[in-house]
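Working notes, beginning with the structure itself.
Residue numbers begin at 1 in each chain, while the letters A, B, ... track the order of the sequences.
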Amino acid sequence: MLPDQLLAFIQSILQSLSKDENNQIQDFSKLTVEKPKSLSYGDYSTNAALVFAKNFKKKPYELAKLITEKLDLEPNIAKTEIAGPGFINITLEKQALGCIVNTIIDKKSDFGKGDFEKDKNINLEFVSANPTGPIHIGGARWAAVGDALANLLLFAGEKVEREYYFNDHGNQIDNFVNSIIAKYYKNDIPKDGYDGEYIYEIAEKIMPLAEKKFDKLESLNDLELATAKEFIREKSVNIMFGEIKDSLNNFGTHFDIFFHEDDLYKTDEVDQAIEQLREKGYVYEKDGALWLATSKEGDDKDRVLKKSTGEYSYFAADVAYYKNKRDRGFGTCVYMLGVDHHGYIGRMEAVCKAFGDKPGENMIFLIGQFVNIVKNGKVVKLSKRAGNIITLDDLVDAVGVDAARFSLIRSAVSTAIDLDLDLLVSHTNENPVYYVQYAYARCSNVIKNALQFGVDIGKIKSGKGFDSSLLTQTSENDLLTTLASFPDIIKMSAKSFEVHRIARFLETLASKYHTWYSHCRVLPNTPDEIGDLHFARLALNCATAQVLENGLNLLGVSAPKRM
RNA sequence: GCCCACAUAGCUCAGCAGGAUAGAGCAUCCCCCUCCUAAGGGGAAGGUCGCAUGUUCGAAUCAUGUUGUGGGCACCA
């Protein structure tokens, strides 16, 4: 009997009781069936009596009594108990508890998969770093979390595409180009420019080509200089963007779409978007500039679409970009931003409303706090412009992809995390990822040993040749109920866009497995001693491996067969 | 000044659609390999959940206020 079956059963009991009492319950959303905190409470626990006591105008304990009377009639339930203020603790019969092993083995990599509304069609935009430098540590957090979130949502049954918004024009890029030129001629880096070894490397590659084509830059007139700069811009942005893509690939993060800001202008979409909003009465002219009345929809102030110089603002492109996403059929546009851009939410939600959409439904913001790098107990101030950034590549070089991804994912994005690089480098074993991976390696090793004993693992993996009701030890109960909670974890994490829950679940699961492993021997010392209990435990071992693998896959962390 | 996040063990963080004795890892201190991988297990110690009010049968969790920290307030992107 799986948790969701138990939930459905309790729901039906409540319904039948409410008929008796001439009382209808409509909303069951608060009803839960959970693994209780303490093992001594049983396998599962429900809050049914606490939540619905008022509907029945009874004290929780009295309602609990009515419910348990019905629960006790179910053959799969071994014992019920009313505890605390009115919790009902439920202990299942061993065969009902162990059947989760069969389910997992049967569903394999699909175990935990959900079937959400597919019509949502989610666009997940993340990283979207400007090509003015390598991906830094903050981008790395999103690269890990965004990718894992996409995996999670897909697994939960949503339709999702990963998108990177590639901004290759504007002031930042001009600063980038000017910095490259300055660096090459050993001039001072311009104010708001970029510095660092990578600028020099790009300059070394591009500038000789530029000089060959245009002559020394100082000898050019304004028009020629502009042409030369455009040449440098195109080449250097391409190099930078190539490096960014390589870093992301290295990190195991892949995008379905790389969207170029340029395309919005090429196709006139910016004008079209502005026109649409103008028809709705949101656009006006003031001081020679074109404005969007975002304050009508809750923003602090109105925003400029077209500057008095005649150029479009970056914001104008964002407006068009949102419309573009919606026109491409995305019902939900998720923006994953760093805290330094959270001021941006107000105006974008206003845009969303101006188009007649709903923020929170068509437009969702996930705000990620900073990742601080700590050295000698102190937070190091990093800046792309100062050139002392810690890049994604640095991080991967230092700790590897698995450890980097896991440590970035396991914390909620709403909390700032401090990464002590020295600690990560010198004591890599402290990273919980190894704890989880080790559990998987142990599972795999047990399977390997069983094969050497001549056990037909294929038979077990096909769900035959074992009796899961033989799994009666406390540590086995604990492991079984933890495995059974995986689908719920998926559902909850997907609903709340919180991937860190998956990482935390895996840590818990690994812990339960390690405990079980040290308490219950899976295989005997010699092949001829193998009995039914060993087969049952081998099945549990395989089921655990499967769930660990499913979870690690979602996070983009490898599941090694040996360590 | 206005706006947004965050505050839980020595450190890094979970827990927050209100629920039972607030958890994990690391660090500290004990114990466990003649036994499937000790990157493991068992145990000890460690807390006024920033502070104060309120909401209720019940608050780390919700609301208000307050303090502290980080961030944002451009015809920059």
For the side chain of [X], counting heavy atoms from C-beta on, which of [options] is nearest?
| X | options | answer |
| --- | --- | --- |
| A/Gln369 | B/rG42, B/rA5, B/rA77 | B/rA5 |
| A/Phe370 | B/rC6, B/rC75, B/rG71 | B/rG71 |
| A/Ser411 | B/rA39, B/rC13, B/rC35 | B/rC13 |

Given that A/Met563 and A/His169 both sit by RNA chain B, which one's nearest nucleotide is further toward the 5' end? A/Met563

Most 5' of A/Asp287 and A/Leu523 on RNA chain B, judged by nearest nucleotide: A/Leu523

Looking at [X], I'd like to know whether one of its side-chain N or O atoms comes within less than 4.0 Å of OP1 or OP2 on [N].
| X | N | answer |
| --- | --- | --- |
| A/Lys307 | B/rA77 | yes |
| A/Thr515 | B/rG42 | yes |
| A/His500 | B/rG15 | yes |

Partners passing side-chain contact (heavy atoms from CB on, under 4.5 Å) against A/Lys37 (at least two apart in sequence or in another chain): none

Looking only at the side chains, is there a donor atom on one of A/Tyr314 and A/Gln172 sitting less than 3.5 Å from an acceptor on the other? no

Can I get a per-line list of side-chain donor-acceptor pairs under 3.5 Å for residues 528-539 of chain A, giving both atom names and the distance, sequence neighbours left out?
from     : atom 1 : to       : atom 2 : distance (Å)
A/Asp528 : OD1    : A/Thr526 : OG1    : 2.9
A/Glu529 : OE2    : A/Thr526 : N      : 3.4
A/Glu529 : OE2    : A/Thr526 : OG1    : 2.6
A/His534 : ND1    : A/Gly531 : N      : 2.8
A/Arg537 : NE     : A/Glu476 : OE2    : 2.8
A/Arg537 : NH1    : A/Arg521 : O      : 2.9

Please identify each residue that fulfils salt bridge (charged side-chain N to carboxylate O under 4.0 Å, His left out) with [X], with sequence neighbours left out.
| X | answer |
| --- | --- |
| A/Asp318 | none |
| A/Arg278 | A/Glu275 |
| A/Lys307 | A/Glu311 |

Considering only heavy atoms and no angle criterion, is a donor-acceptor pair shorter than 3.5 Å present between the side chain of A/His342 and the base of B/rG71? yes

Contacts of [X] that satisfy ring-ring contact (aromatic ring centres under 6.0 Å, His included) - sequence neighbours left out:
| X | result |
| --- | --- |
| A/Tyr164 | A/Phe241, A/Phe255, A/Phe258 |
| A/His514 | A/Tyr435, A/Tyr438 |
| A/Trp516 | A/Tyr513 |
| A/Tyr41 | none |

Contacts under 3.5 Å, N or O only, protein and nucleotides 16-21 of chain B:
from   : atom 1 : to       : atom 2 : distance (Å)
B/rC16 : OP2    : A/Arg501 : NH2    : 3.4
B/rA20 : OP2    : A/Lys37  : NZ     : 2.8
B/rA20 : O2'    : A/Tyr41  : OH     : 2.8
B/rA20 : N6     : A/Ser45  : OG     : 2.5
B/rA20 : N6     : A/Asn89  : OD1    : 3.1
B/rA20 : N1     : A/Asn89  : OD1    : 3.0
B/rA20 : N1     : A/Asn89  : ND2    : 3.1

CG of A/Leu305 to OH of A/Tyr282: how many Å apart, nearest 0.5 Å? 13.5 Å

Between residues 333-341 of chain A and RNA chain B, which residues have a heavy-atom gap below 4.0 Å? A/Val339, A/Asp340, A/His341

Write out a two-atom table: protein N or O, nucleotide N or O from nucleotides 24-30 of chain B, distance below 3.5 Å.
none

Please classify the nucleic acid contact of A/Ala412 as base, sugar-phosphate, or nothing, using heavy-atom distances under 4.0 Å. sugar-phosphate

With syn defined as a glycosidic torsion within 90 degrees of 0 and anti otherwise, which applies to B/rC11? anti

Distance in angstrom units between A/Asn178 CG and B/rC76 P, rounded: 17 Å

